[in-house]
Asks: 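Okay, handing you the structure first.
Given the structure is predicted, the values throughout are model-derived calculations rather than measurements. All chains are named by letter (A, B, ...) in the order of the sequence lines, taking the proteins before the strands, and each is independently numbered beginning at 1. As a basis for the values below, the full set of heavy atoms in this structure was taken, side chains included, without hydrogen atoms, waters or symmetry mates.
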Number of protein chains: 2
Amino acid sequence: MSYVTLEDIARQVHKSVATVSQVLNGKDGNGIRVGKETREKILKVSRELNYRPNYNARQLVTKGTKVIGLLIPDIMQMFFNEVTYHLSRRLSTAGYDLLLAHSYEDPVPEKREIETILSRRVDGIVVAPACGKENIPLFKEISDSGVPLVLMDRYFSGESFYSVTTDDVQGSYELFKHIVSRGAGRIAFISGNPDTSVTMERLEGYRLALEEAGIPYRGDLVIKSGYFQKDGYERAKTLIQSGKIQECDAVSGVNDSVALGILEALWEAGLKVPEDILVSGYGDERFSGYLGCPLTTVRQPASEVADRTYSLLMDVIKGRDVLTKDIKVSCSLRIRESTDGS
Amino acid sequence: MSYVTLEDIARQVHKSVATVSQVLNGKDGNGIRVGKETREKILKVSRELNYRPNYNARQLVTKGTKVIGLLIPDIMQMFFNEVTYHLSRRLSTAGYDLLLAHSYEDPVPEKREIETILSRRVDGIVVAPACGKENIPLFKEISDSGVPLVLMDRYFSGESFYSVTTDDVQGSYELFKHIVSRGAGRIAFISGNPDTSVTMERLEGYRLALEEAGIPYRGDLVIKSGYFQKDGYERAKTLIQSGKIQECDAVSGVNDSVALGILEALWEAGLKVPEDILVSGYGDERFSGYLGCPLTTVRQPASEVADRTYSLLMDVIKGRDVLTKDIKVSCSLRIRESTDGS
DNA sequence: TTTATATGATTAAACGTTTAATCAAGGAGT
DNA sequence: ACTCCTTGATTAAACGTTTAATCATATAAA
């Protein structure tokens with residue numbers, strides 16, 4: 001219920017609070033020196049009483065909390081799960097704690113969480129922004145006010161925030177280059193909201209690969225949808241029912257969940273993957289390699305994203321100059337059965 | 001870099017800090033009243049200046065932080081991932097923030113993290129203890145000192161902590177009852193460390209189901225191992241190489257990762273699941289339903305665990321009486337192809 | 001003997017809040 | 001004209017730290 005304070009210790013050893021503080025923080029040479037005898041006595045008593053410094057009180061005077069706020073849409077998504085894990089690991093070895101908050105892809109809770117994170121006077125903030133541009137002014141404000149802020153996984157084009165993202169244009173380009181090389185010319189792409197950088201970039205890679213191969217871009221094969229399994233399932237189903245599936249050599253999902261939905265719909269319709277049609281996803285979810293037909297996809301290097309985010313954040317916190325404000329890490333292709341008959 | 005304080009606002013509106021504090025905390029009737037005009041002026045200025053209260057300073061006087069510490073072995077494990085998600089959701093709607101820390105199944109970092117969590121004066125702590133009994137005295141100390149503490153997923157028999165766990169005896173019992181009902185009498189069990197409550201309970205369910213069916217318990221079929229895929233793979237492989245696999249109708253893993261390793265080894269050896277041999281796991285990982293041969297397993301209700309943990313913790317924090325100190329939630333069987341030929 | 005320095009400490013202010021106690025002035029009741 | 005309440009505020013203490021400035025004593029140097 002009530003914690004031991006420096007004063008409790010001071011009283012027991014008949015020394016002043018300042019002396020106790022000096023000893024427990026151990027950094028001698030502050031102009032103040034402590035005798036060996038009292039030093040040991042203080043350490044002993046502090047151990048006996050289970051003294052635990054109050055970091056909140058400390059923050060008031062030192063201005064630091066050694067806490068980093070992490071705000072993500074949803075930790076159940078594999079990528080954020082991994083990033084959180086690695087970031088947490090990094091931070092904890094550097095003596096920082098992690099304050100975790102969710103935005104659920106919604107700018108309203110996002111704003112609310114940011115506010116409370118700031119009220120805790122964290123030393124830095126990492127946020128994977130929810131879709132939508134509503135909070136750009138907020139990000140600007142806190143970034144301008146000098147709070148170290150690093151955007152992760154998603155960024156806002158035209159704005160100059162620190163950010164670490166995966167190079168989805170490159171990843172997507174390589175994916176579709178591979179699919180084209182398997183002989184597929186007509187590729188349906190079941191995408192998410194084209195306003196988000198995620199979808200935009202993956203679509204850009206698609207476009208590039210097609211262009212390079214001299215395949216004309218067909219707008220009717222790019223289908224706008226959501227990001228979940230059921231979205232993929234439904235769009236694939238209408239594709240099948242409308243007969244348009246006959247014109248396709250491959251169907252790609254904007255991510256692995258969508259691709260899983262696509263696979264379901266195809267299987268249901270009696271189509272064989274990869275014999276009748278190729279399928280691919282994006283993100284390399286945990287299940288993707290273990291599916292009945294293992295899924296070709298693109299791996300986003302979560303641990304590298306975490307590492308780079310950590311380093312960038314530390315650079316900003318420590319006030320070091322940063323070479324690149326926008327770091328992009330590249331993705332790697334995972335070729336599996338769903339696009340590879342051999 | 002530097003935040004706005006109550007004093008900054010007070011200066012601008014020519015009122016005292018106390019008045020500003022009153023207005024911004026909004027709870028009139030503290031014996032102090034504020035005129036409508038000044039109230040509005042204060043609110044306006046506070047908005048203009050982007051005032052964000054310093055929660056650390058507040059803690060000093062109110063004694064509350066509205067932060068809950070969560071300490072888990074590893075958020076990459078599906079179960080902890082889900083629990084964290086749901087707990088975070090619950091807490092945030094109740095106005096609490098989440099401080100997340102990892103023990104990596106190691107009592108040493110576990111202790112260190114507990115200490116810093118306490119130094120942040122959290123309002124409560126949830127911990128899924130790492131294997132080992134080293135930190136029981138620490139848990140006792142903090143629990144005795146009045147800090148609300150709830151153990152999750154794992155508990156210490158003989159100790160009287162608040163805890164929320166899954167009923168793995170029941171889950172395991174039902175699993176093996178099902179396997180026996182499929183005609184399997186000789187069941188190998190590749191288990192983890194029998195000192196941990198997890199393994200102990202699942203083994204107990206195994207024992208119970210066998211006993212009920214009148215099948216003698218064979219110690220040589222219970223194989224001690226670790227908790228990872230490679231552990232299952234290796235143990236299954238030695239089982240195969242020693243020829244003992246011939247005597248088995250089924251092989252079970254202590255969790256799904258181990259079961260996945262078992263499946264790999266069996267496939268490699270040309271054995272068919274479920275035709276030649278049955279396989280089961282525990283935990284219902286995300287991949288388990290999507291495997292080439294979907295895996296029979298037991299689902300641990302993470303969201304229910306999170307909910308119960310949340311309620312129990314709040315009861316303890318609010319000082320309400322608690323009916324049951326040890327809450328157990330039951331698991332449900334997921335029967336899939338790996339034990340079910342039909 | 002006097003002065004300077006080293007040693008081991010103390011004092012006091014500051015950080016940003018909350019909150020109990022107090023105060024001043026105006027109006028109502030007598 | 002006096003007291004009493006109401007309204008709208010202020011003062012001051014407290015919370016647990018850190019840290020700059022200062023102090024007292026003993027010892028070494030001159």
Asks: Expressed in angstrom and rounded to an integer, what is the separation of A:L24 atom CG from D:dT18 atom P?
Replies: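 From A:L24 CG to D:dT18 P: 8 Å.
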
Asks: Assign A:S16 to base, sugar-phosphate, or nothing according to its heavy-atom contacts below 4.0 angstrom with the strands shown.
Replies: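 Base, at least one base atom sits under 4.0 Å.
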
Asks: Say whether, by atom type as modelled, one donor and one acceptor occur between the side chain of B:D123 and the main chain of B:T65 under 3.5 angstrom.
Replies: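 At least one qualifying donor-acceptor pair exists.
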
Asks: Rounded to the nearest 0.5 Å, what separates atom CG in B:L70 from atom CE in B:M152?
Replies: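 Between B:L70 CG and B:M152 CE, I get 6.0 Å after rounding to 0.5 Å.
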
Asks: Phosphate oxygens OP1/OP2 of D:dT18: is one of them under 4.0 Å from a side-chain N or O of A:S21?
Replies: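 Indeed, a polar side-chain atom of A:S21 lies that close.
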
Asks: Rounding to an integer number of Å, can you tell me how far B:H14 NE2 sits from D:dT10 P?
Replies: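 My rounded result for the distance is 12 Å.
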
Asks: If you draw the axis of the six-membered ring of B:Y104, does the NZ or CZ of A:R89 fall within 45° of it and under 6.0 Å from the ring centre?
Replies: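 Yes - A:R89 lies over the ring of B:Y104, closer than 6.0 Å to its centre and within 45° of its axis.
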
Asks: Distance check needed: D:dT11 P versus B:Q22 CD, whole Å only.
Replies: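 Going from B:Q22 (CD) to D:dT11 (P), I get 15 Å.
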
Asks: For B:K15 and D:dA9, is the shortest distance between a side-chain N/O and OP1 or OP2 below 4.0 Å?
Replies: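 Yes, B:K15 has a side-chain N/O under 4.0 Å of OP1/OP2 on D:dA9.
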
Asks: Give the rounded distance in Å between these two atoms: OH of A:Y51 and C1' of D:dT18.
Replies: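 So the OH-C1' distance, A:Y51 to D:dT18, works out to 11 Å.
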
Asks: Rounded to whole angstroms, how far apart are CZ on A:R33 and P on D:dA24?
Replies: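 Whole-Å distance recorded here is 16 Å.
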
Asks: Check for a donor-acceptor pair, side chain of B:N56 on one end and backbone N or O of A:A57 on the other, with a separation under 3.5 Å.
Replies: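 Between the backbone of A:A57 and the side chain of B:N56 there is no qualifying donor-acceptor contact (under 3.5 Å).
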
Asks: Over how many whole Å does the gap from A:N25 atom CG to D:dT17 atom P extend?
Replies: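 Going from A:N25 (CG) to D:dT17 (P), I get 10 Å.
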
Asks: Keeping B:N135 on the side-chain end and B:P107 on the backbone end, is there a donor-acceptor pair under 3.5 Å?
Replies: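 Side chain of B:N135 to backbone of B:P107, a donor-acceptor pair under 3.5 Å: yes, one is there.
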
Asks: Can you list, in residue-number order, the parts of residues 55-63 of chain B that come under 4.0 Å of DNA chain C, counting heavy atoms only?
Replies: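 Residues of residues 55-63 of chain B under 4.0 Å from DNA chain C: B:A57, B:R58, B:L60, B:V61, B:T62.
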
Asks: Is the distance from OP1 or OP2 of D:dG8 to the nearest side-chain N or O of B:T38 less than 4.0 Å?
Replies: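 For D:dG8, OP1/OP2 do not have a side-chain N/O of B:T38 under 4.0 Å.
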
Asks: Once you round it to whole Å, what is the distance between C1' of C:dT17 and CZ of B:R52?
Replies: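 Result: 18 Å.
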
Asks: Taking CG from A:L118 and P from C:dG16, how many angstroms apart are they, rounded to a whole number?
Replies: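 After rounding, the reported distance stands at 16 Å.
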
